[in-house]
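One structure below.
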Amino acid sequence: MNRRMFLAAAAAGVTNLGAQRPSEIPDAIRNLRPMTAGVQPITDEERRARLDKARRLMREHKIGAIVLEPGSSMFYYTGTRWPPGGRTFALAIPASGEPAWIVPEADQQRAQQAVRMSADIRTWTESDGPYKRLVQVLKDRGAGSTIGIEERVRFAVFDGLRKESPATGFVSADPVTVGCRVIKSPAEIALMQHANDVTIACYKAVFATLREGMTNRDVSEYIDAAYRALGYQGNALVIFGKYTAFPHGSVQPQQLRQGDMVLVDDGCNVEGYQSDITRTTVFGKATPRQTEIWNLERKAQDAALAAAKPGATCESVDAAARKVITDAGFGPGYKVPGLPHRTGHGIGLDGHEWTYLVRGNKTRLEPGMCFSDEPTIAIYGEFGVRLEDCMYITENGARMFTRQSIAIDQPFG
Amino acid sequence: MQQTTEVTAATYKDRIARLQAAMKEFGLQAVVLEPGQAMLYLTGVRWGRSERTFAVVLPAKGEPVWVLPGFEEARARELIHVGDDIRIWQEDESPYERIAQGLKDRGVGAGAAPARVGIDDGLRFFIFDGIRKLAPRVDYTSAAAVLKQAGVEAVQPPSRQ
């Protein structure tokens, strides 16, 4: 699971509260040492290889060029970051020739500094608009009649483009962007490893400070503060008690009591690469029921890990975890009490990205793919347990980035 | 256009009625929205965007159709105060089928008039692409003008055009 997008959209005060009450952050968190040493950013050479692969995939799929707005795919190919949602700032990557940038005149200076991997920058003015420029680039590169649109491009940009070039067919760029991004290089896996290590360090420090009467928002503040001390930005969804049964929690206020389940989920990013880890434990002494369900959850997580071999289908990994839970009398399918969602998602520059461990996905696992392994057991009215570690596929099977939880009272391996 | 908790379901119904009047003027049979400014103003629903499609179909005639992930239903129902036609999709199902069916059920393409549907300017391409594949005979057009007429203040547009 991943809460970041919910928090971002809500623009809630949660992440700001820490700054307002810094004195309450325990020393054990404030004194965490930065973990910023030894991080190797993606090189331009690697980005050039990504562009080459994109060109090859475009030719294979008979796509003449792909068009991107700011976001994770643009960053993937170029290293360029630009705030989304504003004036059209686009990148065209053609099947032949150099990429080109379409930037607004109003932001020209800033854009000149931001763009990378190509010096072909076309500035658009308010009188002409961006789409004439974009269509001109496509013509200059001989892109032809089929253009791929990156998945998160806004409808308005697609609409402007098709009005300017009505004879062109616009298709999903997924075969190109997903085709590249779904397989991670050793450099990418190293960055994800680092992000996972940071998140575990953060969680360990914060879990040690849990005390009766804390609110889940207090714990979120501690998480934010721990990430800051470690030198990164990150946050977490924190859920107590019966609300742990809801995969994305509840808006209801929650105070920590003896015997409550505690679920903490999410991560941080290192050079754009995401971690996403969930730990569920109990505050105080676990009941036999809590322990039994926790152990079942661990068994389900293990089953997905064991099934995630190269060549296996994505859906078979979901089925393996789900079977453990269904065999114990839960479900079936997505029915609660049981596992109400897929077993896992791809992860990389986005917390959730292609491809997914879900029924119906017959994509076969390949070395370099990365997934979360997180088969929640949700029992409405009681509690939920989710253990989430991310794994990467190797020639010899799946490997976790992190040590799995050992027991309900030992969340860190 | 401030959003406060005092805004009631009746207010949202009025706003949607105003949109429906505008849709008739613009010759649109429905508008499809993702979470964002327009959804918030017209329905009061604030929802974070993710890869899991969460959308509302606002037809020129009839009740809204909500399309959302199955496991989010309980959380979503707490927030939805306008319309109770909530169509969930499970993880291995297509949200676009639910949206296309919603359009059909609200009469899009049923009459003599050409089927025209307005799309939120901020709606992401993959959702549009999913819908158009299942309902290819519909003319999809920007909903910017009709939303503006209904009182939705636009966020900064991708370009002036």
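Numbers restart at 1 for each chain; the letters A, B, ... are given by sequence-line order, proteins then strands.
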Are [X] and [Y] packed together at the side-chain level, in the sense that at least one heavy-atom pair is separated by less than 4.5 angstrom?
X	Y	result
A:R152	B:F125	no
A:R342	B:R52	yes
A:R154	B:R124	no

Under 3.5 Å, is there a donor on one side chain and an acceptor on the other for A:H341 and B:E91? no
Only heavy atoms, only distances under 4.5 angstrom. Which residues in residues 17-26 of chain B are near chain A? none
Walk me through whether A:Y356 and B:E51 qualify under side-chain contact (heavy atoms from CB on, under 4.5 Å). CA-CA 11 Å; A:Y356 299 95; B:E51 79 285 6; 3.1 Å; yes
B:S142, B:P69, B:A74: which one forms the most heavy-atom pairs within less than 4.5 Å of chain A? B:S142
Closest heavy-atom pair and its distance - A:R359, B:D92: NE-OD2, 2.6 Å
Less than 4.5 Å to any heavy atom of chain A: does that hold for the side chain of B:E78, its backbone, both, or neither? side chain
Tell me every residue that passes ring pair (Phe, Tyr, Trp, His ring centres under 6.0 Å) with A:F240, counting only those two or more places apart in sequence or in another chain. none
State the CZ-CZ distance between A:F170 and B:R132, to the nearest 0.5 angstrom. 9.0 Å
Measuring from atom OG1 of B:T141 to atom CG of A:D159, what distance do you get when rounded to the nearest 0.5 angstrom? 6.0 Å
Using a cut-off of under 4.5 Å on heavy-atom pairs, state which of A:V171, A:D174, A:N361, A:D318 scores highest against chain B. A:V171
Is it true that, when you exclude A:W354 itself, more than 12 heavy atoms of the residues, nucleotides or ligands shown sit nearer than 6.0 Å to its CH2? no
What part of A:V336 gets within 4.5 angstrom of chain B, counting heavy atoms only: side chain, backbone, both, or neither? neither
Where on A:E150 is there a heavy atom nearer than 4.5 Å to chain B: the side chain, the backbone, both, or neither? backbone
Check the angle between the aromatic planes of B:F128 and A:F155 and answer parallel, tilted or perpendicular using the 30° and 60° thresholds. perpendicular
